[in-house]
Engineer: 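Once you've had a glance at the structure underneath, I'll fire off some questions.
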Amino acid sequence: LELHPYLNPDGILGGLWFPTDGRGNATDTTMSLVRGAQQNGAKIFERVTVTGTAVSGNRVTGVRTSEGDIDAEYVVNCTGMWGRETAAEIGVDIPLQALAHYYVVTEEIKGLQKNLPTVKSGDDYSYLKDEVSALMVGFFEPGSYPWASRGIPKNRGSFIRLPEDWDHLGPFYEKMIDRVPILAETGIRLHFCGPESFTPDGMYHLGEAPNLRNYFIAAGFNSVGFLSGPGAGGVLADWIIDGTPSIDLPEADPGRTQRHEVNRRFLEKRALEYLDESYEIHYPFKQKTSARELRKSPLFHRTESAGAVFGELAGWERPNWYAPDGEPKTYQYSYNRQNWFEHSAAEHRAVRESVGMLDVSSFGKIMVQGRDAQSFLSRLSVNNVDFEPGGIVYT
Ligand SMILES: Cc1cc2nc3c(=O)[nH]c(=O)nc-3n(C[C@H](O)[C@H](O)[C@H](O)COP(=O)(O)OP(=O)(O)OC[C@H]3O[C@@H](n4cnc5c(N)ncnc54)[C@H](O)[C@@H]3O)c2cc1C
């Protein structure tokens, strides 16, 4: 409160302050990056549309543009929310869904203190910063909506603005007025709603496409693209120059995409769930609730009738634990021991001391064949896979 005198302290139990946090202006930052790139020999062509990507075999070879073809050893798809369609044309899957995303800028507030810390308030689904003698409130609120799921319009330019929606945003703004009472004393200069590209797991896609050599992806920034841009760009540049990323980024690997994740109905629901929950408490073992029951193993109904409480992995329903008769088949989330702990322990004991059945239908399958297959697999894994055909071993 010493740092941010405009906050109403009611209900605040604590906060974290990051004194080294910075902030930037998108236009100035972009212009300085452009200037730096040009000084190092980069050529920038504005108002040129990429109309297609050239491929030879399993390798990208360039792009076709409204001004002619460009041969290229490497191509980076950084076309924002257009990226899904740009990539789909050449058989690369990037699960991106545009969702309506909002912020509000107040009118000038005379005497407003400058350079206030940026405040993020999960319970209010909002963040707040001062912006040239005004306050800007941005939202990560539940109940947004998917936009242009069947294809992003190509003729509306880069800066698409969606209609204002006070019926939706009003209650969240009012909540924020309780938190920052000075908001009630000033009018609103701008209510901005723009589509932003979200992914079903909330992580961006950064790296080489799994099925097209030298075709790199930097997309799906889930409304932290400005924040993440410098790091993402730096890693990608290292990756292209050195052939490997300078840091390990499996969670951003474009190769994690499952076919069903580019399905329109799946994306609409799951990307929205991600945005709905962005500012909620992220409990351990939290399960997704939208777009479920996509892939079921042949044992699904048997495990379900045995009390299975399912989680989802790569679209598969997997029994995470078994609720005994009479117990609700639901998670009670907590940072302490959760309600399933004893039931999971009982299952564990049963498998150790008696017999259990593990349904591994959801696992990826790789066929290794040939004369040295057995010795190769034994060397690769920590278990011995030297056994007669017909058996199974957990590695
Ligand atoms: C309301 C709102 C608030 C936000 N607030 C923040 C914030 O506070 N902090 C933050 O970090 N992020 C924020 N973001 C998100 C941030 O703006 C994006 O994540 C970021 O701009 C994504 O960058 P990008 O380069 O991936 O895509 P874009 O910025 O969309 O750039 C993609 C570009 O590719 C071009 N393109 C597409 N197709 C073609 C083609 N065929 N040929 C040529 N060019 C093409 C487009 O015209 C566009 O210029 C916010 C977004 C919204 C909507």
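Each residue takes its place number in the sequence, starting with 1. Read the numbers this way: they start at 1 and go in the same order the structure lists the ligands and their atoms.
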Engineer: Is the closest heavy atom of S223 to ligand 1 under 4.0 Å?
Structural biologist: yes
Engineer: Is atom 29 (O) of ligand 1 in close reach of the protein, with a heavy atom under 4.0 Å away?
Structural biologist: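 Within 4.0 Å: no protein heavy atom nearby.
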Engineer: When you compare ligand 1 with F226, is there at least one nitrogen or oxygen pair between them that comes in under 3.5 angstrom?
Structural biologist: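 Between F226 and ligand 1 (N or O atoms, distance only) the closest approach is under 3.5 Å.
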Engineer: With under 30° as parallel and over 60° as perpendicular, where do the rings of Y74 and F216 fit, or are they tilted in between?
Structural biologist: tilted
Engineer: Closer than 4.0 Å to some heavy atom of V224 - which atoms of ligand 1 meet that?
Structural biologist: 10 (C), 11 (O), 12 (N)
Engineer: Check R295, R292, K288 against E317 for a salt bridge (charged side-chain N to carboxylate O under 4.0 Å, His left out) and give me the one that passes.
Structural biologist: R292
Engineer: Can you check whether F192 has an N/O within less than 3.5 Å of an N/O in ligand 1?
Structural biologist: no
Engineer: Please write down residue, atom name and distance for the protein heavy atom closest to atom 20 (C) of ligand 1.
Structural biologist: G225 CA, 3.9 Å
Engineer: Answer yes if L206 and M81 sit in the same cluster of Ile, Leu, Val, Met, Phe, Trp and Tyr residues linked by side chain heavy atoms under 4.5 Å apart, and no otherwise.
Structural biologist: no
Engineer: Could any protein non-hydrogen atom be found less than 4.0 Å from atom 17 (O) of ligand 1?
Structural biologist: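 Looking at atom 17 (O) of ligand 1, one finds that no protein heavy atom lies closer than 4.0 Å.
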Engineer: Strictly inside 4.0 angstrom of atom 38 (N) of ligand 1, do you find any protein heavy atom?
Structural biologist: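 Answer yes: something from the protein, a heavy atom, is under 4.0 Å.
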Engineer: Check the angle between the aromatic planes of Y204 and F221 and answer parallel, tilted or perpendicular using the 30° and 60° thresholds.
Structural biologist: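 Answer is tilted, since the angle falls between 30° and 60°.
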Engineer: Taking D93 first and then R259, would you say they form a salt bridge - that is, a charged N and a carboxylate O separated by under 4.0 Å?
Structural biologist: yes
Engineer: Of all the atoms in ligand 1, which lie at a distance below 4.0 Å from a heavy atom belonging to V48?
Structural biologist: 43 (C)
Engineer: Salt bridge check, E280 against K286: does any charged N sit closer than 4.0 Å to a carboxylate O?
Structural biologist: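 A salt bridge is absent here (no side-chain N lies under 4.0 Å from a carboxylate O).
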Engineer: Quick check, are the ring centers of Y125 and F139 under 6.0 angstrom apart?
Structural biologist: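 No - the distance between ring centres of Y125 and F139 does not fall below the 6.0 Å cut-off.
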Engineer: In the protein, what heavy atom is nearest to atom 41 (N) of ligand 1, and what distance, to one decimal place, separates them?
Structural biologist: V50 O, 2.9 Å
Engineer: Quick check: E196 and ligand 1, any N/O pair under 3.5 Å apart?
Structural biologist: yes
Engineer: Run the numbers for me: atoms of ligand 1, each under 4.0 Å from some heavy atom of C78, listed by number.
Structural biologist: 32 (C), 34 (O)
Engineer: Which ligand 1 atoms are under 4.0 Å away from a heavy-atom of L227?
Structural biologist: 10 (C), 11 (O)
Engineer: List every atom of ligand 1 that sits less than 4.0 Å from any heavy atom of G194, numbering the atoms from 1 in the order shown and giving each element.
Structural biologist: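 Those of ligand 1 that fall under 4.0 Å from G194 are 53 (C).
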Engineer: Decide yes or no on side-chain contact (heavy atoms from CB on, under 4.5 Å) for E67 and F45, but give the supporting numbers first.
Structural biologist: CA-CA 10 Å; E67 303 289 316; F45 304 97; over 6 Å; no
Engineer: Determine, using ring centers only, whether Y145 and H168 are less than 6.0 Å apart.
Structural biologist: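 Between Y145 and H168, which both carry aromatic rings, the centre distance is not below 6.0 Å.
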Engineer: Look up atom 35 (C) of ligand 1 and tell me if a protein heavy atom lies less than 4.0 Å from it?
Structural biologist: no
Engineer: State, to 0.1 Å, how close P171 and D167 come at their nearest heavy-atom pair, and which atoms those are.
Structural biologist: CD-O, 3.5 Å
Engineer: Indicate yes or no: does an N/O atom of H101 lie under 3.5 Å from an N/O atom of ligand 1?
Structural biologist: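 Not met; the criterion fails.
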Engineer: Does F192 have its ring centroid less than 6.0 Å away from the ring centroid of Y103?
Structural biologist: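 Yes, ring centres under 6.0 Å apart.
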Engineer: Within the 4.0 Å heavy-atom shell around Y127, which atoms of ligand 1 are there?
Structural biologist: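 Result: 5 (N), 8 (O).
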Engineer: Would you indicate which of T65, T79, T51 comes nearest to atom 45 (C) of ligand 1 when only heavy atoms are counted?
Structural biologist: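 The nearest heavy atom belongs to T79.
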Engineer: Would you mind listing which atoms of ligand 1 come within a distance below 4.0 Å of any non-hydrogen atom of G80?
Structural biologist: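 Going through ligand 1 atom by atom, the ones under 4.0 Å from G80 are 26 (O), 27 (O), 30 (O), 32 (C).
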Engineer: Check this for me: does any side-chain nitrogen of one of R379 and D372 sit under 4.0 Å from a carboxylate oxygen of the other?
Structural biologist: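 No, this pair does not count.
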Engineer: Which ligand 1 atoms, with their elements, are less than 4.0 angstrom from a heavy-atom of F221?
Structural biologist: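 Close to F221: 19 (O), 26 (O).
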Engineer: Between F300 and F310, does the ring centroid distance fall short of 6.0 Å?
Structural biologist: yes
Engineer: Of the protein's non-hydrogen atoms, which lies at the shortest distance from atom 48 (C) of ligand 1, and what is that distance?
Structural biologist: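 It is S158 OG, 3.8 Å.
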Engineer: Are any of the N/O atoms on S228, whether in the backbone or the side chain, positioned under 3.5 angstrom from an N/O atom of ligand 1?
Structural biologist: no
